[in-house]
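The structure under discussion appears below in the form of structure tokens.
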2 protein chains.
Amino acid sequence: MKNMTQEPRNILSQHKVSITNPRIIVLDTLLDFGNPITVEELQSKLKGKVAKSTLYRVLNDLKKINILNEFTSPDNAVVVELILEEDSHHHHLFCSDCGEVIDVELSDEFEMMLVKEMEKVQKELHFEIKDHRVEMFGLCTDECSNCE
Amino acid sequence: MKNMTQEPRNILSQHKVSITNPRIIVLDTLLDFGNPITVEELQSKLKGKVAKSTLYRVLNDLKKINILNEFTSPDNAVVVELILEEDSHHHHLFCSDCGEVIDVELSDEFEMMLVKEMEKVQKELHFEIKDHRVEMFGLCTDECSNCE
DNA sequence: ACAATAAATGAGAATAAGTCTCATTTATTT
DNA sequence: AAATAAATGAGACTTATTCTCATTTATTGT
């Protein structure tokens with residue numbers, strides 16, 4: 001059963017942006033897919049439903065209200081992921097073969113150590129670090145149906 | 001004084017690829033700049049010296065022989081960096097203001113812990129992890145002449 | 001050192017991702 | 001329900017990257 005906060009209309013109204021059909025459709029598609037998705041794949045899922053220009057505008061809108069995370073895969077494809085309230089801090093694992101992107105949660109112990117490392121870097125380089133990302137690359141071996 | 005291994009001609013012959021002018025010029029420029037650089041900036045440095053199409057081909061050649069690392073900045077600009085033998089494993093720090101990319105070395109202690117985390121992930125997700133990357137984002141405060 | 005062969009280059013055409021424009025439609029506010 | 005403001009669709013436009021092909025440059029065998 002879907003959480004209330006996962007309803008597109010609720011998400012939009014919670015963030016005080018107007019509720020429109022394209023926004024609802026894009027959110028629905030992202031929620032439904034459930035994983036990070038390339039813009040390309042998202043576009044093909046929305047073909048005939050939402051105009052290309054509108055898709056890009058909606059993605060920008062979602063970024064502005066901080067519910068969309070954008071990054072690039074190792075082959076420079078832009079990947080997009082909803083930031084849901086129930087999600088915890090996580091990182092990404094990329095399959096070099098099928099291109100799948102998987103969420104990975106690392107231990108609190110590790111995250112604490114990373115924070116300490118960043119504090120060191122901040123002091124040494126006079127840099128104010130706001131965010132970080134850990135990316136892992138490899139091959140999803142047996143499990144994956146897309147890989148050969 | 002430049003290390004022998006840093007001479008473009010040596011780098012190319014060590015990797016058994018033919019020694020051509022554009023390759024030498026691109027390597028020279030990258031060595032000279034010394035830091036990760038956006039393809040855009042590299043292109044402007046090479047204007048009039050190396051054709052655009054050749055630049056992209058050379059970058060691909062360098063990637064093929066594994067001496068060029070490619071990644072994207074937070075604003076999706078493609079960044080390129082030579083992998084030199086004398087360089088140790090490192091990560092990147094991005095300034096959201098001026099766009100500068102800085103190499104950062106994290107402690108061995110941290111790297112060891114990250115390896116352990118990845119081993120856990122490998123087992124849990126039946127994924128063969130080949131590589132990883134830690135990216136940090138923020139603002140290079142006082143030091144930077146490009147910022148504001 | 002020199003042909004012969006293979007590989008790389010330059011210039012610009014082609015492609016594709018993302019942005020922009022503007023007339024029309026849809027939300028929101030009163 | 002009308003007035004106002006915001007969002008959309010369609011396609012033109014821009015820009016990064018790839019491709020094509022005739023020419024140039026490197027490499028190899030003698």
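Just so we're clear, the structure is a prediction, and the values are computed from it rather than from any experiment.
- Here the side chain of B/Ser53 is nearest to one of C/dG10, D/dA26, C/dA17, namely C/dG10.
- The residue among A/Asn76 and A/Arg23 whose nearest nucleotide of DNA chain D lies closer to the 5′ end is A/Arg23.
- At a threshold of 4.0 angstrom between heavy atoms, the contacts of B/Ser18 are confined to the sugar-phosphate backbone, with no base atom among them.
- Look at B/Glu117 and B/Lys120 and you find a salt bridge, because one of the NZ, NE, NH1 or NH2 atoms lies within 4.0 Å of a carboxylate O, short of that distance.
- By the neighbour-count criterion of 12 heavy atoms within 6.0 Å, atom CG of B/Asp108 is sparsely surrounded, having that number or fewer from other residues, nucleotides or ligands.
- Nucleotide C/dG10 holds its C1' atom 14 Å from the CG atom of B/Leu46, rounded to whole Å.
- Summarising the geometry, the separation between CD1 on B/Ile24 and P on D/dA26 is reported as 8 Å, rounded to the nearest angstrom.
- In this structure, B/Ile19 atom CD1 and D/dT24 atom P are separated by 22 Å, rounded to whole Å.
- Within 4.0 Å (heavy atoms only), B/Thr20 reaches sugar-phosphate atoms of the nucleic acid but no base atom.
- Taking atom CG of residue B/Leu12 and atom P of nucleotide C/dA7, one finds them 17 Å apart after rounding to whole Å.
- If you check distances only, the side chain of A/Lys52 does reach the base of C/dG18 with a donor-acceptor pair under 3.5 Å.
- Linking ILVMFWY side-chain heavy atoms closer than 4.5 Å, directly or via other members, places A/Leu12 and A/Ile83 in two distinct hydrophobic clusters.
- A side-chain donor-acceptor contact under 3.5 Å links B/Ser96 to the backbone of B/Gly138.
- The NZ atom of B/Lys47 sits 15 Å away from the C1' atom of C/dA11 (whole-angstrom rounding).
- Hydrophobic clustering of Ile, Leu, Val, Met, Phe, Trp and Tyr side chains at less than 4.5 Å, counting indirect connections, unites A/Ile65 with A/Ile25.
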Quiz item: Can B/Leu59 and B/Leu42 be said to form a side-chain contact (heavy atoms from CB on, under 4.5 Å), step by step?
Solution: CA-CA 11 Å; B/Leu59 292 177; B/Leu42 185 55; 4.0 Å; yes

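- A/Asn21 places its CG atom 11 Å from the C1' atom of D/dT8, with the value rounded to the nearest Å.
- Within residues 54-75 of chain A, the residues approached by DNA chain C to less than 4.0 Å at the level of any non-hydrogen atom are A/Tyr56, A/Arg57, in residue-number order.
- In terms of hydrophobic clustering, with Ile, Leu, Val, Met, Phe, Trp and Tyr side chains grouped at heavy-atom distances under 4.5 Å, A/Val104 and A/Phe71 are assigned to different clusters.
- The separation between A/Lys49 atom NZ and D/dT8 atom P is 16 Å, rounded to whole Å.
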